[in-house]
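Take a look at the structure set out below.
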Amino acid sequence: MSDYVQMWKDLGMDLATHDQLCQVLPTAFGDVYLSQENRPEAMGFWDFVVSEIHGIRPKELIEAQKNGQKVFGTFCVYVPDEVVIAANGIVTGLCGGSQFWVPGGEKVLPRSTCPLIKASVGARLDKTCPFFRIADMYVGETTCDGKKKAYEILGKDVPMYVMDVPQMKREKDIVKWADEIAEFAKKVEEFTGNTITVEKLNEAIKTVNEKRKAMARVFAATKGENIPISGKDRLLMTQIAFFDDPKRCAEMCNKLADELEQRNKDNVSVFPKGTKRILLTGTPLAIPNWKLHHVIETSGAAVVCEEMCTGTRYFENLVDESQTTLDGQFRALSERYMKNNCACFTPNPGRIEDVLRLAKEYHADGVIDVNLKFCCLYDTERYALENACKEAGIRFLGLETDYTDSDAEQLKTRIGAFLELMR
């Protein structure tokens with residue numbers, strides 16, 4: 001990625017430290033991804049994106065800024081991309097999924113903060129992630145206390161807007177979230193200088209819905225007995241979706257889905273027949289966090305679905321496209337986004353219902369619940385989820401991990417024992 005050095009300099013990045021990351025990432029990607037056999041040809045697109053991860057998309061964003069567009073960096077699936085797109089803005093994900101950034105975050109955050117938050121803050125403060133340098137505004141949300149306090153740090157030198165997510169799902173909470181979306185729309189209009197109209201928002205809603213439909217097709221390909229794609233490859237597609245242009249994302253996901261559906265017709269699988277099928281749930285796995293998928297799929301199992309923000313929550317449930325007023329559209333957006341069953345809600349039976357439903361749809365032999373260290377929300381919710389799975393006759397394994405590789409052998413041992421019980 002040497003062609004982008006001048007761009008990184010112009011962004012004020014720490015090139016020496018960033019070079020260290022650029023040296024590590026290709027090896028990690030090769031070990032996890034390129035070592036696989038019989039991968040779908042369409043995955044070549046995502047392989048290319050990762051090879052240029054800090055170059056090709058950042059360059060596109062900078063060119064868009066030169067043409068007057070604003071870039072909004074987001075941390076969560078609750079922020080409605082449709083509103084930004086309707087104002088001719090661009091959305092890019094910002095969450096950090098690498099241990100490389102954690103020490104930078106620990107300079108200003110307690111060590112007992114979850115690694116995702118520490119990595120995000122470290123990526124910004126250490127000036128080693130171009131997406132954090134490019135974003136004109138950060139958009140946060142109140143899904144966890146750690147993130148709320150981290151936003152105060154991140155907002156010191158970049159405009160920071162925080163959306164107040166309701167903590168329950170009553171009718172008045174859906175109304176409240178619709179009001180939050182309306183307020184966010186006003187801020188986006190002010191920041192971009194562009195007016196959000198019914199027509200523009202409807203077009204944006206359709207654009208993001210098409211992206212969701214395309215991703216859903218890829219996931220649906222592993223519902224049958226045949227498994228035409230690895231969980232690792234599907235995870236990579238989802239992770240990149242947070243950063244990519246939504247129309248291009250839909251196009252490439254549909255292309256991949258076409259290939260997977262043909263593979264199913266031809267009985268082409270990337271796993272031997274009888275491989276145990278795992279549904280993964282829990283905290284999100286931000287790029288480049290591929291550890292758990294790699295351990296599971298090199299231990300003799302296949303991850304056939306992820307019930308998490310970097311999984312089904314990102315694309316399930318479409319926004320109603322029939323509304324003819326902005327208030328109606330904001331309400332439709334609220335209803336769709338409030339169907340995401342994050343552990344921040346109380347009570348939160350929806351997530352348990354989703355896990356049980358998806359385990360049935362994807363014919364999962366077992367559920368693995370992964371929790372990033374110090375995420376008390378998901379850690380606490382595990383008790384109810386485990387009991388529900390046991391009552392439904394679904395084998396369950398709870399794991400806690402972080403971004404380091406120090407627990408890789410322990411994870412292999414526990415996952416191996418879990419798979420042995422299934423056999």
Side-chain angles (χ1 to χ4, degrees), residues 1-22 25 46 48-77 79-98 100-101 104-105 116-117 119-141 147 150-151 153-163 184 187-188 190-194 204 239-249 286-288:
M1 292 193 287
S2 59
D3 291 343
Y4 304 108
V5 171
Q6 187 58 51
M7 178 183 74
W8 296 332
K9 285 182 179 179
D10 294 341
L11 289 173
M13 295 177 62
D14 181 340
L15 296 187
T17 306
H18 182 250
D19 283 347
Q20 298 174 24
L21 176 61
C22 292
L25 186 60
W46 286 276
F48 169 72
V49 171
V50 173
S51 72
E52 302 278 314
I53 191 69
H54 280 182
I56 188 167
R57 184 56 176 162
K59 184 177 180 179
E60 288 181 347
L61 296 178
I62 292 171
E63 288 302 313
Q65 286 175 322
K66 292 178 181 178
N67 293 326
Q69 289 184 273
K70 297 292 186 182
V71 177
F72 294 75
T74 65
F75 301 84
C76 180
V77 296
V79 177
D81 293 357
E82 295 90 341
V83 171
V84 174
I85 295 170
N88 197 33
I90 302 176
V91 181
T92 183
L94 288 180
C95 280
S98 173
F100 183 85
W101 292 312
L116 188 148
I117 299 173
S120 296
V121 173
R124 169 61 189 177
L125 297 187
D126 283 355
K127 304 177 181 179
T128 51
C129 176
F131 295 100
F132 274 92
R133 307 298 300 174
I134 291 170
D136 297 297
M137 173 182 282
Y138 299 157
V139 185
E141 73 320 308
K147 290 170 77 174
Y151 295 150
I153 297 172
L154 290 171
K156 287 186 175 181
D157 59 351
V158 177
M160 182 87 223
Y161 187 89
V162 179
M163 301 183 73
F184 178 52
K187 185 65 176 181
V188 171
E190 174 189 324
F191 197 70
T192 61
N194 299 319
Q239 290 174 330
I240 296 299
F242 283 83
F243 298 83
D244 201 6
D245 173 80
K247 291 184 178 179
R248 178 172 57 205
C249 178
I287 193 169

When you measure from the side chain of S120 to the backbone N and O of G96, does any donor-acceptor pair fall under 3.5 Å?
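Such a contact is found between S120 side chain and G96 backbone.
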
To the closest 0.5 Å, what do you measure between [atom1] ([X]) and [atom2] ([Y])?
| X | Y | atom1 | atom2 | answer |
| --- | --- | --- | --- | --- |
| F242 | C76 | CZ | SG | 8.5 Å |
| F131 | T74 | CZ | OG1 | 11.5 Å |
| I287 | C95 | CD1 | SG | 12.0 Å |
| L116 | K147 | CG | NZ | 7.0 Å |
| D14 | Q20 | CG | CD | 8.5 Å |
| Q6 | L15 | CD | CG | 9.0 Å |

Taking only residues two or more places apart in sequence, or in another chain, which ones meet [X] in a salt bridge (Lys or Arg N to Asp or Glu O under 4.0 Å)?
| X | result |
| --- | --- |
| D126 | K107 |
| K156 | none |
| R57 | E60 |
| K59 | none |

Taking the side chain as every heavy atom from C-beta outward, state whether [X] and [Y] have any atom pair closer than 4.5 Å.
| X | Y | answer |
| --- | --- | --- |
| I56 | Y4 | yes |
| W8 | H54 | yes |
| D81 | P246 | no |
| V91 | V79 | no |
| F191 | F72 | yes |

Minimal non-hydrogen separation, [X] against [Y], with atom names:
| X | Y | value |
| --- | --- | --- |
| Q239 | A286 | NE2-C, 3.5 Å |
| P288 | L25 | CB-CD1, 4.0 Å |
| A86 | A204 | N-CB, 3.8 Å |

Can you sort out the partners of [X] under side-chain hydrogen bond (donor to acceptor under 3.5 Å, both in side chains), two or more places apart, ordered by chain and number?
| X | answer |
| --- | --- |
| D157 | R124 |
| D245 | none |
| D19 | none |

Partners of [X] by side chain to side chain contact (heavy atoms under 4.5 Å, CB included), sequence neighbours excluded?
| X | answer |
| --- | --- |
| V162 | T142, Y151, M160 |
| A123 | W101, C129, F132 |
| V83 | P80, I181, F184, A185, V188, I196, L333 |
| I62 | M7, L11, Q65, K66, I134 |

Between I240 and I53, does a side chain to side chain contact (heavy atoms under 4.5 Å, CB included) hold up when you go through it step by step?
CA-CA 9 Å; I240 296 299; I53 191 69; 3.9 Å; yes

Verify side chain to side chain contact (heavy atoms under 4.5 Å, CB included) between T192 and N88, making sure each step is shown before the conclusion.
CA-CA 8 Å; T192 61; N88 197 33; over 6 Å; no

Got a sec, which residues hit ring pair (Phe, Tyr, Trp, His ring centres under 6.0 Å) with F100, two or more places apart in sequence or on another chain?
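Ring pair (Phe, Tyr, Trp, His ring centres under 6.0 Å) check on F100 returns nothing, list empty.
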
